[in-house]
Amino acid sequence: MDVRDVALKAQYYALSHGILVQERLMTEAESNSQPKPSFPPFTLFPSPFPSCELTFLKSIQPQISELYDNVSRDHNFLKNALRSVAETDEFTRRLVDILETVDREGVSKETSFGLLRSDYMLESRPEAWNTVTKMKQTEVNTIAASTACLSERVSRLHRYTVSLRDGIRDDRYAKELPTPSNGKGLAEALAVAWKQYGSSSAVIVMLVGNSENNVFDMYHLDTELWLNHGIKMVRVAFDDTIVGGSKEAKLREDKALIIDGHDVAVTYFRTAYSPEHYPSGKYWDVRLLFERSRSIQCPSVALHLTGTKRVQQELGRLGVLEMFLSGDGAEQIRATFLNMYALDQTLEGDDAAAKGIAEPLNYVLKPQREGGGMGVVSVSVFELWCCTLFYLLGSNVYFDDVREKLIELQDSNERSSYSMQERIFPLITTNYFICPGNLDELKPIEVVNEMGIFGAFVRTRGEVILNSVPGHYMRCKKADMGEGSMLLGYAACGSPWLH
């Protein structure tokens with residue numbers, strides 16, 4: 001079948017099989033009263049990916065989840081690691097302040113719960129490979145790891161498009177195109193955490209932004225949780241939980257968290273990961289209230305902080321990872337690490353900055369926030385979804401901009417708010433991007449792919465009761481664009497073709 005005909009059928013498949021986003025940013029009230037679905041950008045076909053590498057990444061994810069849980073319970077390590085960053089980055093400082101406050105008050109949670117996603121790229125240069133893997137870790141997302149439910153549907157879509165292209169039944173591709181059970185796995189983890197709270201009438205609250213376009217991914221999870229576990233999930237805008245908000249969060253005397261009249265067993269964050277989500281002190285006050293409550297946080301402030309680039313950098317130091325995880329797991333995880341450098345105003349930081357200035361194409365500057373945060377702008381659904389995929393407005397610094405930024409911050413303490421990471425030179429493949437209104441411009445383009453592995457972890461009273469790997473997903477971007485250019489619409493959902 002002609003590729004244009006495949007693309008047209010793929011669009012109708014997406015719209016009829018739940019691969020959906022709102023066509024624009026909508027408030028929670030607008031979304032509830034009159035949703036306007038479109039489809040997110042996706043690749044027309046899957047991207048080639050080594051089967052052995054996906055197997056390897058999934059095999060180490062339980063150890064990564066355990067590692068980050070262990071780090072989150074060592075508050076002194078977190079505070080020391082983030083001390084210099086907190087001096088110049090207010091967002092990190094406010095999170096650390098909350099951690100210090102609950103430590104002083106003696107707040108202790110029986111249950112820790114994390115839904116993580118570890119992201120990797122396939123290094124193309126043989127000289128950068130090691131005997132364990134060709135994959136390099138870009139980051140570990142510890143808050144609002146999204147797109148799980150949409151991505152599993154894109155995997156099914158790709159079975160369909162490949163079968164159309166090749167003219168044979170899609171069940172012939174079960175081995176090459178595995179469909180992850182992301183939604184089922186995440187819902188199971190939420191159910192396990194909910195059960196630890198001990199109240200059958202309690203609910204799970206999904207905290208969301210006041211304006212969202214990725215609501216269908218969220219509702220797929222809501223549906224999975226209700227149909228398979230009978231547990232009610234309530235979507236609440238973060239804005240509404242502050243003092244004076246329409247659903248103001250409050251604590252009972254027994255420290256139960258009450259939102260909109262519901263006893264909240266689990267507070268599941270799909271927002272609150274970036275400075276613009278906290279426009280006033282009231283938002284920080286309610287984040288502290290959540291930490292003080294008995295409600296199980298996903299994530300806790302401590303686990304949230306483990307996702308900073310500085311903690312990622314510290315774990316890369318010789319012997320630090322091994323403080324929190326021993327055995328073969330530590331060695332295998334370390335094999336995926338890239339070199340990372342602190343940019344404090346110290347001799348070590350000056351040496352690192354000099355490397356970046358001399359060889360800007362070999363490094364990336366990253367702020368401490370996961371993905372660097374989101375801004376609210378007027379953009380198309382294609383551009384908007386790309387930003388949702390990568391959280392990239394005002395994010396990482398690439399290419400010659402690395403040199404310019406380091407020179408600009410040479411004598412500024414703000415430099416310590418960044419970490420410098422060795423750049424990956426990923427494998428380039430060819431694909432088509434499908435997005436609303438672009439069929440007339442359909443043409444093959446070079447893309448690079450990032451593989452994400454989901455991990456779910458629940459520990460109660462010192463006992464690990466769940467450590468699972470719900471699934472995987474792939475996201476793609478144009479090969480010739482820096483990550484900050486996702487705003488221009490150069491990212492899409494993908495899936496792996498295993499070989």
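Position 1 is the first residue of the sequence; numbering continues from there. These numbers come from the heavy atoms of this one structure, side chains and all, not from hydrogens, waters or symmetry mates.
- T429 pairs by the side-chain hydrogen bond (donor to acceptor under 3.5 Å, both in side chains) definition with N449, not counting sequence neighbours.
- Contact check on R294 versus D254 returns a salt bridge, with a Lys/Arg side-chain nitrogen under 4.0 Å from an Asp/Glu carboxylate oxygen.
- D263 and S201 are not linked by any side-chain donor-acceptor pair at a separation below 3.5 angstrom, with hydrogens and angles left out of the test.
- Taking the six-membered ring where the residue is Trp, the centroids of H220 and F216 are separated by 6.0 Å or more.
- Using a cutoff of 4.0 Å between basic side-chain nitrogens and carboxylate oxygens, R156 and E152 are scored as salt-bridged.
- Shown here is K232, whose NZ atom has no more than 12 heavy atoms of other residues, nucleotides or ligands within 6.0 Å.
- Within a 6.0 Å sphere centred on NZ of K58, other residues, nucleotides and ligands contribute more than 12 heavy atoms.
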- Trace of the salt bridge (charged side-chain N to carboxylate O under 4.0 Å, His left out) decision for D5 with K9: CA-CA 6 Å; D5 292 334; K9 286 179 176 286; over 6 Å; no

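- Identified under the ring-ring contact (aromatic ring centres under 6.0 Å, His included) test for residues 232-261, with sequence neighbours left out: F238-Y278, F238-Y283.
- Residue pairs meeting the ring-ring contact (aromatic ring centres under 6.0 Å, His included) criterion with at least one member in residues 163-197, sequence neighbours excluded: Y173-W497.
- For residues 40-59, every residue pair satisfying the ring-ring contact (aromatic ring centres under 6.0 Å, His included) rule, not counting sequence neighbours, is listed here: F39-F42.
- The existence of a salt bridge linking R270 and D217 is confirmed by a sub-4.0 Å separation between a basic side-chain nitrogen and an acidic carboxylate oxygen.
- In summary, R4 and D2 do not engage in a salt bridge, as defined by a charged side-chain N under 4.0 Å from a carboxylate O.
- With respect to K309 and E139, a salt bridge is recorded, a charged nitrogen being found less than 4.0 Å from a carboxylate O.
- In this structure, H17 and Y13 have parallel ring planes: the angle between them is below the 30° cut-off, well short of the 60° mark.
- Sequence neighbours left out, the pairs with a member in residues 441-470 that pass ring-ring contact (aromatic ring centres under 6.0 Å, His included) are F454-Y473.
- Residues P41 and F433 form no side-chain contact, since every pair of their non-hydrogen atoms from C-beta on lies 4.5 Å or further apart.
- For the pairing with L303, the side chain to side chain contact (heavy atoms under 4.5 Å, CB included) check across V71, L115, L116 returns one residue only, L116.
- Taking 4.0 Å as the cut-off between side-chain N and carboxylate O, D285 and R287 do not count as a salt-bridged pair.
- Scored by the side-chain hydrogen bond (donor to acceptor under 3.5 Å, both in side chains) test, R165 finds no partners at all (sequence neighbours excluded).
- Proximity of K477 to V448: side-chain heavy atoms (C-beta onward) are separated by under 4.5 Å at one or more points.
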